[in-house]
Asker: 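Here it is, the structure in full.
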Amino acid sequence: MLLAPPNPTSVPFEPSPVSGFAATFRLEIAQALRARWFWAYAAVFFALVGLLLVFGLTESRVLGFTGLSRTLVAYIQLAMAILPIFVLVTTVRSLAGDREAGVYEYVLGLPVGLGAWYAGRFFARYVLAAAPVVGALASALAYGAVRAVAIPWAELGFDIGILLAMILAFVGLGFFIASVARSVDLAQTAAFLLWLVLILGLDLVLLGVLIRDRMPVEGVVAIALLNPLQVFRIGSMILFDPQLVLLGSTAYAVFDVFGRAGFLIWSLAYPLALGAGSAYAGFRAFRRGDLL
């Protein structure tokens with residue numbers, strides 16, 4: 001006796017992690033494109049590039065920087081001040097805001113795995129944070145090509161790399177904060193305090209305190225370079241200033257600890273590891289916490 005084939009409608013559908021990730025990724029992108037914060041965020045970086053080009057930074061020579069080099073240096077330094085706080089604040093609101101709004105109760109009823117949902121939102125936020133930054137640089141390149149301005153391709157490629165690494169670091173930190181915070185206000189306060197501590201660690205404020213306590217210079221520099229903003233700042237400087245003249249005598253300690261090539265690797269690897277580790281720790285806390 002032949003058995004009838006099973007009715008497809010009676011077989012429960014269990015989407016694969018890849019399809020769940022893709023669906024969450026597309027939904028997060030679509031929601032962001034309808035939000036004002038994303039367009040305001042993109043407008044800031046395109047306006048920065050526009051102002052730098054309008055004021056003629058591509059045609060002047062200052063301290064040996066010519067062509068797009070000076071524009072790139074100025075853009076990188078401005079991005080260091082804007083990116084962290086903007087990425088942290090918008091990211092922590094992503095998860096903590098959904099918890100307060102009761103969205104999780106609806107989302108957890110959908111046939112999407114928790115890991116795929118978390119990863120989809122994480123990578124969507126990363127793409128949303130990185131796209132305007134790289135897009136603004138692409139517009140500067142287009143301007144330089146039209147005006148036949150010299151383009152420092154090696155420096156440009158490396159600076160884009162450390163920009164993407166820094167964005168990943170702060171998106172990961174933002175997801176970790178949002179996963180452990182119980183309210184939007186608490187998450188935003190923690191994000192702001194983190195940004196403030198990292199900013200205070202710049203310009204060797206921490207180094208001055210530690211050197212006064214007679215700590216070895218190498219140890220002080222190693223502690224300071226745990227600050228991703230400090231790593232990003234020095235990494236962006238080292239290509240245009242190979243001797244790190246702007247850092248003064250501290251540059252010798254940096255080169256003694258890392259070396260030039262070693263620090264270039266560190267400025268890419270450390271923010272990537274920090275972002276990935278923070279995102280994973282956030283997922284562990286998110287999965288074991290009270291989602292509702």
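Predicted model, so just to flag it, every value in this text is computed and none were measured. Atom set for the values below is all heavy atoms of this structure, side chains included, hydrogens, waters and symmetry mates excluded.
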Asker: List the steps and the verdict of ring pair (Phe, Tyr, Trp, His ring centres under 6.0 Å) for Phe286 and Trp117.
Answerer: CA-CA 12 Å; Phe286 180 75; Trp117 178 79; 5.5 Å; yes
Asker: I'd like to know if the side chain of Thr91 reaches the main chain of Gly174, judged simply by a donor and an acceptor atom lying under 3.5 Å from each other, with no hydrogens or angles considered.
Answerer: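 Side chain of Thr91 to backbone of Gly174: no pair is present.
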Asker: So, for Gly20 and Ala116, which heavy atoms are closest and what is the spacing to 0.1 Å?
Answerer: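 Smallest interatomic distance, heavy atoms only, reads C-CB, 4.0 Å.
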Asker: Under 3.5 Å, which donor-acceptor pairs link side chains of residues 72-83 to any protein atom two or more places apart or in another chain?
Answerer:
residue: Tyr75; atom: OH; partner: Val133; partner atom: O; Å: 3.0
residue: Gln77; atom: NE2; partner: Ser236; partner atom: OG; Å: 3.3

Asker: Hey, does Pro228 have a side-chain heavy atom less than 4.5 Å from the side chain of Leu198?
Answerer: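 Yes. Closest side-chain heavy atoms under 4.5 Å.
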Asker: Say you draw a straight line from CZ of Phe158 to CG of Leu156; how long is it, rounded to the nearest 0.5 Å?
Answerer: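 Reported to 0.5 Å precision, the distance equals 12.0 Å.
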Asker: Quick one: closest heavy-atom pair of Ala169 and Pro271, and the distance?
Answerer: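 Scanning both residues, the minimum pair turns out to be CB-O, 3.4 Å.
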Asker: Test: side-chain hydrogen bond (donor to acceptor under 3.5 Å, both in side chains). Region: residues 33-51. Which pairs qualify, not counting sequence neighbours?
Answerer: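 Those involving residues 33-51 do not exist here.
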Asker: How many angstroms lie between OG in Ser267 and CD1 in Ile162, if you round to the nearest 0.5 Å?
Answerer: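 If I round to the nearest 0.5 Å, the distance is 5.5 Å.
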Asker: Can you get from Val89 to Phe45 by hopping between Ile, Leu, Val, Met, Phe, Trp and Tyr side chains that sit under 4.5 Å apart?
Answerer: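 They do share one cluster, since a chain of ILVMFWY contacts under 4.5 Å joins Val89 to Phe45.
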Asker: Quick one: CG on Leu268 to CG on Leu164, what's the gap to the nearest 0.5 Å?
Answerer: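 Atom-to-atom, Leu268:CG and Leu164:CG are 9.5 Å apart.
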Asker: If you measure from CD1 on Ile234 to CG on Leu229, what distance do you get to the nearest 0.5 Å?
Answerer: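 Rounded to the nearest 0.5 Å, the CD1-CG separation comes out at 11.5 Å.
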Asker: Counting only heavy atoms not in Phe38 (residues, nucleotides, ligands), do more than 12 fall under 6.0 Å from its CZ?
Answerer: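 Yes.
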Asker: Does any non-hydrogen side-chain atom of Ile177 lie less than 4.5 Å from one of Leu194?
Answerer: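 They are in contact (side-chain heavy atoms under 4.5 Å apart), so the answer is yes.
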Asker: Are Ile265 and Leu272 connected in the hydrophobic side-chain network, where two residues link if heavy atoms are under 4.5 Å apart?
Answerer: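 No, it is not one cluster - the side chains of Ile265 and Leu272 are not joined through contacts under 4.5 Å.
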Asker: Work out which heavy atom in Val87 is nearest to a heavy atom in Ala129; give both atom names and the distance.
Answerer: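 Reported closest heavy-atom pair: CG2-CB, 4.1 Å.
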Asker: Report yes if some heavy atom in the side chain of Tyr280 is under 4.5 Å from a heavy atom in the side chain of Phe176; otherwise report no.
Answerer: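 A side-chain contact is absent here, since even the closest heavy-atom pair is not under 4.5 Å.
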Asker: Donor-acceptor check, side chain of Ser278 to backbone of Gly275, threshold 3.5 angstrom: yes or no?
Answerer: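 Not a single qualifying donor-acceptor pair exists.
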Asker: Restricting to non-hydrogen atoms, name the atom on Val49 and the atom on Ala140 that form the minimum distance, rounded to 0.1 Å.
Answerer: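 Closest approach of Val49 to Ala140, heavy atoms only: CG1-CB, 3.8 Å.
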Asker: Decide yes or no for Leu137 and Leu163: does some side-chain heavy atom of the first lie under 4.5 Å from some side-chain heavy atom of the second?
Answerer: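 Heavy-atom side-chain distance check passes, below 4.5 Å.
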Asker: What's the spacing between Ile29 CD1 and Arg121 CZ if we round to 0.5 Å?
Answerer: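 If I round to the nearest 0.5 Å, the distance is 11.5 Å.
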Asker: Please list, chain by chain and in numerical order, all residues satisfying ring pair (Phe, Tyr, Trp, His ring centres under 6.0 Å) with Phe232, sequence neighbours excluded.
Answerer: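 Partners of Phe232 by the ring pair (Phe, Tyr, Trp, His ring centres under 6.0 Å) criterion come out as none, since no residue qualifies.
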Asker: Provide the full list of salt bridge (charged side-chain N to carboxylate O under 4.0 Å, His left out) pairs with a residue in residues 156-179, sequence neighbours left out, each pair given once.
Answerer: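 For residues 156-179: none.
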Asker: Taking side chain as C-beta onward, heavy atoms only, is Ile167 less than 4.5 Å from Val171?
Answerer: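 Of all side-chain heavy-atom pairs linking Val171 with Ile167, at least one is under 4.5 Å.
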Asker: Could you tell me which residues satisfy ring pair (Phe, Tyr, Trp, His ring centres under 6.0 Å) with Phe283, sequence neighbours excluded, listed by chain and number?
Answerer: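 Ring pair (Phe, Tyr, Trp, His ring centres under 6.0 Å) check on Phe283 returns Tyr118.
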Asker: If I take atom CG from residue Leu88 and atom CZ from residue Phe170, how far apart are they, to the nearest 0.5 angstrom?
Answerer: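 Here the interatomic distance stands at 6.0 Å.
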Asker: What pairs meet the side-chain hydrogen bond (donor to acceptor under 3.5 Å, both in side chains) rule with one or both residues in residues 122-136, with sequence neighbours excluded?
Answerer: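 Applying side-chain hydrogen bond (donor to acceptor under 3.5 Å, both in side chains) to every pair that reaches into residues 122-136, excluding sequence neighbours, yields Glu28-Arg125.
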Asker: Is there a path of hydrophobic side-chain contacts, each under 4.5 Å between heavy atoms of I, L, V, M, F, W or Y residues, that connects Val134 with Leu33?
Answerer: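 Result: yes, single cluster for both.
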Asker: For the residue pair Phe122 and Leu168, establish whether any side-chain heavy-atom pair is separated by less than 4.5 Å.
Answerer: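 A side-chain contact exists here, since the closest heavy-atom pair is under 4.5 Å.
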